[in-house]
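Below is one structure, written out as structure tokens, with a few remarks after it.
For ligands, and for the atoms within them, numbers begin at 1 and follow the listed sequence. Just so it is clear, the values below take in all heavy atoms, side chains as well, and ignore hydrogens, waters and symmetry mates.
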Amino acid sequence: MSRAFATVINQVRAQGLHGRVADYIPELAKADPDEFAIAATSVSGHTYQAGDSASRFTIQSISKAFTYALALQACGIDTVLRHVGVEPSGEAFNAISFDDRHRPANPLINAGAVVTTSLIPAATGDERFERIRAGLSEFAGRQLEADETVAASESATGDRNRALAMLARSHGMLGSTVDDAVEPYFRQCALLVDCSDLAVMGATLANHGENPITGQQVVSPTIAQQVLSLMSSCGMYDRSGQWLFEVGMPAKSGVGGGIVAVAPGEYGIGVYSPPLDEAGNSSRGVVALRTLAQEFGLHLFNHPDRPTSPIAGMVNDHSADTITLHLRGTIDFIAAEQVAYAAAEALHEAGRSMLLLDLADVTAITTVAGRLISDLCEDAGTARAWRVIVRDPARIMTS
Ligand code: GLU
């Protein structure tokens with residue numbers, strides 16, 4: 001993987017892409033525009049990286065996805081949904097975007113992010129920031145610290161975010177005072193990460209909310225799924241639709257130049273390159289992830305060719321009046337369907353009355369496939385004159 005990342009870095013560098021380092025927060029303008037890094041962490045906890053992977057940068061908007069996860073965990077989905085929606089806004093990150101129920105459109109634009117931060121239970125802004133810092137550190141598997149100079153620089157110039165918070169408060173959507181929402185928000189955006197921190201944070205979402213390095217269950221599998229859904233529809237500012245269309249991975253970018261992307265069930269990817277395109281996404285980061293998604297087939301709706309048949313072998317035993325099917329690998333709906341039809345045909349052709357399904361070499365059965373196989377057993381007894389016996393030494397059907 002590291003070699004593939006180094007190749008992508010070289011290829012993308014050679015394209016001489018243009019972009020501007022964010023400067024509306026004055027401290028961000030100091031970032032080195034040449035820095036470029038890619039890292040990935042698998043759900044088994046291995047990390048692969050290339051480029052300037054030791055460089056640290058502020059997490060900025062990427063924090064929004066993870067703070068949303070913490071808010072869901074602390075307050076529950078119903079409370080959070082009363083305050084902030086889940087619709088892509090199609091508008092810029094700092095737009096005045098409220099729906100007909102006065103909620104910000106989603107938690108990944110600033111209006112929704114400030115509201116989400118305000119929902120984290122705490123008596124003061126400092127306590128709120130500390131809870132967020134601790135929670136994001138659990139996602140990263142190490143203690144994150146804020147760059148207080150960047151936070152102060154944003155606070156000094158952050159009137160638009162204050163205005164969004166005031167509007168949200170006037171609509172009854174803010175969970176705290178304006179200051180106790182925006183100050184922790186500025187500091188959460190200023191948390192310092194490197195590319196592999198982003199990769200681990202993404203891998204925690206990829207791994208059903210369990211950090212694959214520390215083994216800690218940071219949020220529930222349901223919350224991880226909810227956050228990934230939002231990242232798919234709203235994570236890349238007002239290019240989210242184009243991103244889903246072209247790249248097809250849940251992702252979240254920040255104006256610091258970072259992007260976190262997730263291959264669910266497999267790995268998290270962190271990319272860092274400070275120059276931004278006109279939507280505010282890292283120019284090189286977007287192209288690097290698009291290239292990786294194409295090369296590795298990571299688009300959510302790209303389904304690989306089906307593996308070889310789930311039937312490893314068939315034995316027709318005349319003396320026992322039995323057909324045995326040895327199954328292998330992962331049995332999903334289509335594989336179970338293949339088994340059911342192959343079994344019916346074989347029993348019919350051979351005139352046998354007993355089917356033995358041997359699951360000794362099966363590694364997993366999806367829920368729907370398990371249902372289909374159970375139905376097959378039941379139907380066999382009633383509608384047809386066969387008996388089905390399942391040999392399941394590892395109890396894969398019941399696990
Ligand atoms: N702290 C930044 C802001 O609210 C985050 C923006 C971003 O990364 O999109 O303006």
Checklist entry - Once you round to the nearest 0.5 Å, how far does CE of Met314 lie from CG of Asp358? => result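 Reported to 0.5 Å precision, the distance equals 13.5 Å.
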Checklist entry - Taking atom CG of Asp197 and atom CZ of Arg56, what is their separation to the nearest 0.5 Å? => result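 Taking CG in Asp197 and CZ in Arg56, the distance rounds to 6.0 Å.
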Next on the checklist: Students often mix this up, so state it plainly: with edges at 30° and 60°, are the rings of Phe93 and Tyr24 parallel, tilted or perpendicular?
Outcome noted: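 Because their plane-to-plane angle lies in the 30° to 60° range, the rings of Phe93 and Tyr24 count as tilted.
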Item to check | Aromatic ring pairing His171/Phe98, orientation class (parallel under 30°, perpendicular over 60°, tilted between) | outcome: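 It falls in the perpendicular class, over 60°.
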Item to check | Within 45° cone and under 6.0 Å: Lys252 NZ/CZ vs Tyr237 ring | outcome: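 Flagged: Lys252 positioned over aromatic ring of Tyr237.
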Check ligand 1 against [X] and write out every atom of the ligand that is under 4.0 Å from a heavy-atom position of the residue.
| X | answer |
| --- | --- |
| Cys189 | 1 (N) |
| Gly254 | 8 (O) |
| Tyr237 | 7 (C), 8 (O), 9 (O) |
| Tyr24 | 2 (C), 3 (C), 5 (C), 6 (C), 10 (O) |
| Asn110 | 3 (C), 4 (O), 10 (O) |

Can you pull out the closest protein heavy atom to [atom]? Residue, atom name and distance to 0.1 Å, please.
| atom | result |
| --- | --- |
| atom 3 (C) of ligand 1 | Glu154 OE2, 3.1 Å |
| atom 4 (O) of ligand 1 | Tyr185 OH, 2.6 Å |
| atom 5 (C) of ligand 1 | Gln60 OE1, 3.3 Å |

Checklist entry - Non-hydrogen atoms of Asn94 versus ligand 1: any pair closer than 4.0 Å? => result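 The answer is no, since Asn94 has no heavy atom less than 4.0 Å from ligand 1.
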Can any side-chain N or O of [X] pair as donor or acceptor with the backbone N or O of [Y] at less than 3.5 Å?
| X | Y | value |
| --- | --- | --- |
| Ser283 | Asp277 | yes |
| Asp317 | Thr322 | no |
| Arg13 | Asp34 | yes |

Item to check | Part of Ile62 within contact of ligand 1 (heavy atoms, under 4.0 Å) | outcome: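 Near ligand 1, Ile62 shows nothing, with every heavy atom at 4.0 Å or more.
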Checklist entry - Nearest non-hydrogen atom to atom 7 (C) of ligand 1 belongs to which of Ala113, Ala22, Ser61, Gly258? => result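 Of the listed residues, Ser61 has the closest heavy atom.
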Checklist entry - Is there a nitrogen or oxygen of Val255 sitting under 3.5 Å from a nitrogen or oxygen of ligand 1? => result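 Yes, Val255 has an N/O under 3.5 Å of an N/O on ligand 1.
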